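Predicted, not measured: the structure shown is a model, and the values here were computed from it.
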Amino acid sequence: MIVVVTGTGTEVGKTWFTAATITVVRASGRAVAARKPVQSFDPNDTSPTDAEVLARATGEAPETVCPRHRWLGLAVAPPMAAVALGLEPFTIAELAAEVRAGAPAGADDGAVVFVEGAGGARSPIADDGDTVSLAHALAADRLVIVADAGLGTINSVRLTAAALGNWTPVVALNRYDDADPLHRANRAWLSDRDGYEVVTSAAALAGTLTRPGTPRDRS
């Protein structure tokens, strides 16, 4: 099973939420892996990169999560970083092929492979596409939108979901506090009025991603 994770934008916590969900799935005994097809980052920042955070959750090497030649030391959109660093442009097809080539054994037979995009759903991730393009190239089984639980969430989730076309996403509200009336109202609106499946914890996301059912409509 391939699960593509995107966000409503940067700094919404998609890497943290993905890593936490991986930890829950892994603890259940199910085989799990993570892939970050490409990452751009500030080389002067001493905090772990996204690939390193995901690798800690899965037990893989960071270079398995994101191939070393896709580590771009400039904190802008990956294709922009490639140009600025004097590297060859790369395509969605190339990223998808690398994800497939590095997929763990059993990926077609029960293992869960989380593939995390860069930035928001429409943020450029390759010279010719974004995370939506990547999800289609991978024929992903599920798609998750990670969003902040606070002000502006309804608008950002709606815009992100619209960009997905016929995909039926799960919405994961990060930093959710049930004691916050705004958070509760946002959750209720997205669920009751807009009809999204909304989760507010890694355990809940792990549960919905691993249960049987028809998760998408990509026709």
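- Looking at heavy atoms from C-beta onward, V171 lies out of side-chain contact with D194 at the 4.5 angstrom threshold.
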Quick one: do T131 and V4 satisfy side chain to side chain contact (heavy atoms under 4.5 Å, CB included)? Show the steps, please. CA-CA 8 Å; T131 300; V4 171; 3.7 Å; yes
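- The OG1 atom of T15 lies 4.5 Å from the NZ atom of K36; values are rounded to the nearest 0.5 Å.
- Under the 3.5 Å distance criterion, the side-chain polar atoms of S191 are left unmatched by any main-chain donor or acceptor of R187.
- Side-chain atoms of D130 never come within 3.5 Å of backbone atoms of S123 as a donor-acceptor pair (strictly under, hydrogens ignored).
- Using a 4.5 Å cut-off between side-chain heavy atoms of Ile, Leu, Val, Met, Phe, Trp and Tyr, with links allowed through other members, V12 and L173 fall into different hydrophobic clusters.
- Between the CZ atom of R184 and the CG atom of D178 there is a distance of 6.0 Å, given to the nearest 0.5 Å.
- For the side chain to side chain donor-acceptor pair (under 3.5 Å) test, residues two or more places apart in sequence or in another chain that qualify with D148 are R175.
- Here the closest non-hydrogen pair linking T10 and G119 is CG2-CA, 3.9 Å.
- Interatomic distance, L164 CG to T6 OG1, rounded to the nearest 0.5 Å: 7.5 Å.
- Of the possible polar contacts, one joining the E60 side chain to the A34 backbone as a donor-acceptor pair under 3.5 Å is found.
- Contact check for P48 versus R56: side-chain heavy atoms found under the 4.5 Å cut-off.
- Taken together through direct or relayed side-chain contacts under 4.5 Å among Ile, Leu, Val, Met, Phe, Trp and Tyr, W16 and V65 form part of one hydrophobic cluster.
- Nearest heavy-atom pair across F90 and A126 is O-CB, 3.6 Å.
- Heavy atoms only, all atoms of each residue included: P124 and P78 are closest at O-CD, 3.5 Å.
- Nearest heavy-atom pair across D127 and P79 is N-CB, 3.9 Å.
- When atom types are taken as modelled, the side chain of T23 and the backbone of A19 share a donor-acceptor pair closer than 3.5 angstrom.
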Show your working on side chain to side chain contact (heavy atoms under 4.5 Å, CB included) between V144 and L209 and close with a plain yes or no. CA-CA 9 Å; V144 176; L209 292 177; 4.0 Å; yes
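- V38 and F41 are members of different hydrophobic clusters when ILVMFWY side chains are connected at heavy-atom separations under 4.5 Å.
- In this structure, the side chains of V76 and S40 stay at 4.5 Å or more apart for every pair of heavy atoms.
- Going from atom OG1 of T21 over to atom NZ of K14 covers 14.0 Å, rounded to the nearest 0.5 Å.
- Other residues, nucleotides and ligands contribute at most 12 non-hydrogen atoms within 6.0 Å of the CH2 atom of W189.
- Under the 4.5 Å side-chain criterion, counting only non-hydrogen atoms from C-beta, V3 is in contact with V112.
- Closest approach of A51 and P62 over heavy atoms only: CB-O, 3.9 Å.
- Distance CG/L95 to CZ/R35: 13.5 Å, rounded to 0.5 Å.
- A donor-acceptor contact shorter than 3.5 Å links the side chain of N186 to the backbone of G150.
- With rounding to the nearest 0.5 Å, the separation of CG in L205 from OG1 in T18 is 8.0 Å.
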Audit row: E94, R70, side chain to side chain contact (heavy atoms under 4.5 Å, CB included) steps and yes/no: CA-CA 11 Å; E94 289 174 312; R70 299 300 185 198; 4.1 Å; yes
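- The local environment of CG in L151 is sparse, with at most 12 non-hydrogen atoms from other residues, nucleotides or ligands closer than 6.0 Å.
- Using a 4.5 Å heavy-atom threshold, the side chains of F114 and V32 count as touching.
- Clustering ILVMFWY residues whenever any of their side-chain heavy atoms sit less than 4.5 angstrom apart, transitively, puts I125 in the very cluster that holds L87.
- Heavy atoms only, all atoms of each residue included: A161 and Y196 are closest at CB-OH, 3.3 Å.
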Using the rule given for side chain to side chain contact (heavy atoms under 4.5 Å, CB included), can you reason through E98 versus H69, listing the C-alpha separation, both sets of side-chain angles and the distance that settles it, and then say yes or no? CA-CA 11 Å; E98 290 173 357; H69 65 284; 3.0 Å; yes
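- Hydrophobic clustering (ILVMFWY, side-chain heavy atoms < 4.5 Å, transitive): V24 and V115 are in distinct clusters.
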